[in-house]
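Structure first, then comments.
Order of the sequence lines fixes the chain letters, A, B, ..., with proteins taken first and strands second; residue numbering starts at 1 for each chain. The figures here come from the full heavy-atom set of this structure, side chains too, leaving out hydrogens, waters and symmetry mates.
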2 protein chains.
Amino acid sequence: MNRFSAWALEGIPEVSPGDDLVELVAAATASGVDGAALPSWELQDGDILVVTSKIVSKAEGRIVAAADREAAITAETVRLVASREHPGGVTRIVENRLGIVAAAAGVDASNTADGTVLLLPVDPDASARALAVGLRTLTGARVGVILSDTLGRPWREGQTDVAIGAAGVHVFDDLRGQTDAAGKPLLVTMPCVADELAAATDLVKGKATGCPVALVRGLGRLVGELDLPGAASIVRPPERDMFRLGSDEARAEGVEAGYASGYTDGYADGFAEADAEDA
Amino acid sequence: MNRFSAWALEGIPEVSPGDDLVELVAAATASGVDGAALPSWELQDGDILVVTSKIVSKAEGRIVAAADREAAITAETVRLVASREHPGGVTRIVENRLGIVAAAAGVDASNTADGTVLLLPVDPDASARALAVGLRTLTGARVGVILSDTLGRPWREGQTDVAIGAAGVHVFDDLRGQTDAAGKPLLVTMPCVADELAAATDLVKGKATGCPVALVRGLGRLVGELDLPGAASIVRPPERDMFRLGSDEARAEGVEAGYASGYTDGYADGFAEADAEDA
């Protein structure tokens, strides 16, 4: 039967730079909740832990003063994708150094200590791997780890959680080459299960509850070797990206290029006509 | 404790035009699986059913001949957002009549009978509501219903399931005005829980398994009145949409406009300079 459960781990304390997340997570999975007589709270083979990237940032000390927020966004930015002014300021959608397109480059001011903002982990896939290795070693269970972040998206209101780091878990359920229930080949179907896991666990982790880690049990088919491709493989390469630039920004770029070539042509034509009149 | 379970209902037969989905879904929830002694398989207050929109399309007879696929896409299209040629043909990303931006307007050729393609339901929110009303009436349980579809997205490879119809369930978990665990206001945070539910259940429904309906138990806090806003409220209005047009398309539009105004200016300047030379 296809079934899974997801729950938020309780008892993870506020994380500080240098904290050992392997220990904190393992302790939270072992403690259970209210002595509930559920299937063992210890980690099992096939469990997947979805960890809010924010606590990884905190453990890694990726904290900067809020006063330096704009400079931090700029430092994390590879290129501007789109920007928009609104009553509260300017929203900058940028591609950050990880290739992730995100508002404010993923620099985050919620659930942080007063006067500080958080940068994303330096290398979320490496952080996920360190967690997966540590948890596998400590508990003996073959678990997968996903690091999640909250992103907006084009065309649709609101945000969903997605995977920005992954280790020991398939990020895609690659169905290309398989057939549907009617026997027809599934040509382009490649569900991003890592993003779906991140989205699923946001439903229990929430943003206001102080539970930054969720455990998913029942999807062991998605757990694999530690050297599987990480979440970096979810980032679409530029040559396949049809929305590399915001519509207004792309149009403005076009207007400039078009004006220049039109001006040159018009200028030449102006002379040509003037010459014809002179003749 | 924050916990939910999601499972795919088994025993839903191939759906044909005119089939009563309320009966089919209710029967599937009541039958259980292999006599498993799990918590009751009957629907309970707070259960959420996520139904692949494809079977709603089938029940509604939204089937057209595959030969008419291109015409069907055109008929479902309100405007072209972006298109790209590739070895297999042309991918058209369009806004369809529901405001949803999707490849091929959501016209679907997988899990359909040979020689046919499926259009999206006429009004997915209305279809979700009819299902929710029917299931609430038949079972007495206060359930929510989401209709899901599989969509690609900019910047990230692969697809995730999202909500295109909803009834009796909150589509957003509106946290604006609430505070984070550190006591700071969550200014713009509005998780799209309907999309997250659709994504979560894709992990158990799959695409190759013939299980088009999943049940989510444990998130009753998201279930509400039947007149809650539907999935149409997820569609971002044009004035808030920074990616209304593909980058290439927006740039081309700009080049044309820029060329025209540059040409005019250049033409005028050409004359002006010619006049100056004449003087």
Side-chain angles (χ1 to χ4, degrees), chain A residues 1-8 33 82 84 101 110-111 153-160 172 175 178 180-182 186 189-192 195-196 199-200 202-204 207-208 210 219 234 236 242-247 250-251 253-255 257-259 261-263 265-267 269-271 274, chain B residues 1-8 33 82 84 101 110-111 153-160 172 175 178 180-182 186 189-192 195-196 199-200 202-204 207-208 210 219 234 236 242-247 250-251 253-255 257-259 261-263 265-267 269-271 274:
Chain A
M1 178 185 46
N2 275 324
R3 179 186 185 122
F4 76 90
S5 294
W7 61 90
V33 171
R84 169 164 300 222
V101 178
S110 69
N111 277 300
R153 58 269 172 85
W155 313 324
R156 299 176 74 77
E157 296 284 13
Q159 305 91 31
T160 58
F172 295 111
L175 304 176
Q178 291 190 44
D180 64 22
L186 290 161
T189 308
M190 199 174 74
C192 184
D195 280 355
E196 293 185 327
D202 186 45
L203 293 164
V204 288
K207 304 266 183 290
L219 293 172
I234 303 173
R236 177 165 293 155
M242 296 157 90
F243 299 92
R244 200 156 161 71
L245 204 55
S247 310
R251 192 178 189 285
E253 207 183 271
V255 166
Y259 186 89
S261 71
Y263 190 91
D265 286 3
Y267 189 82
D269 277 14
F271 272 120
Chain B
M1 178 184 47
N2 274 323
R3 178 185 186 122
F4 76 90
S5 294
W7 61 91
V33 172
R84 169 163 298 220
V101 178
S110 68
N111 277 300
R153 58 268 171 89
W155 313 324
R156 299 177 73 79
E157 296 283 14
Q159 304 90 32
T160 58
F172 295 111
L175 303 175
Q178 291 190 43
D180 64 22
L186 290 161
T189 308
M190 198 172 75
C192 185
D195 280 355
E196 293 185 328
D202 187 45
L203 293 163
V204 287
K207 304 266 183 287
L219 294 172
I234 303 172
R236 177 166 294 156
M242 296 156 89
F243 300 92
R244 199 156 162 72
L245 204 55
S247 310
R251 193 179 189 285
E253 205 183 271
V255 165
Y259 185 88
S261 71
Y263 189 90
D265 286 4
Y267 189 81
D269 277 16
F271 271 119

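- Only the side chain of B:F172 comes within less than 4.5 Å of a heavy atom of chain A; its backbone N, CA, C and O stay farther away.
- When each of A:V204, A:D265, A:L203 is scored by its heavy-atom pairs under 4.5 Å with chain B, the top score falls to A:L203.
- Note that the CZ atom of A:R251 and the CZ atom of B:R251 stand 12.5 Å from one another [nearest 0.5 Å].
- At a 4.5 Å heavy-atom cutoff, the contact between B:L219 and chain A is made by side-chain atoms alone.
- Residues B:F243 and A:W155 share a closest heavy-atom pair of O-NE1, 2.7 Å.
- For the options A:A257, A:A82, A:A250, heavy-atom pairs under 4.5 Å to chain B are most numerous at A:A250.
- Contact between B:R236 and A:R153 at its shortest, heavy atoms only, is NH1-O, 2.9 Å.
- Remark: B:S5 OG to A:F4 CZ distance equals 8.5 Å, nearest 0.5 Å.
- Within the 3.5 Å criterion, the main-chain N or O of A:I234 finds no donor-acceptor partner in the side chain of B:E157.
- Across B:Y259 and A:S261, no two heavy atoms sit closer than the pair CD1-OG, 3.4 Å.
- Atom CE of B:M242 is separated from atom CG of A:L245 by 10.5 Å, given to the nearest 0.5 angstrom.
- From B:D195, atom CG reaches atom CD of A:E196 across 11.0 Å, with rounding to the nearest 0.5 Å.
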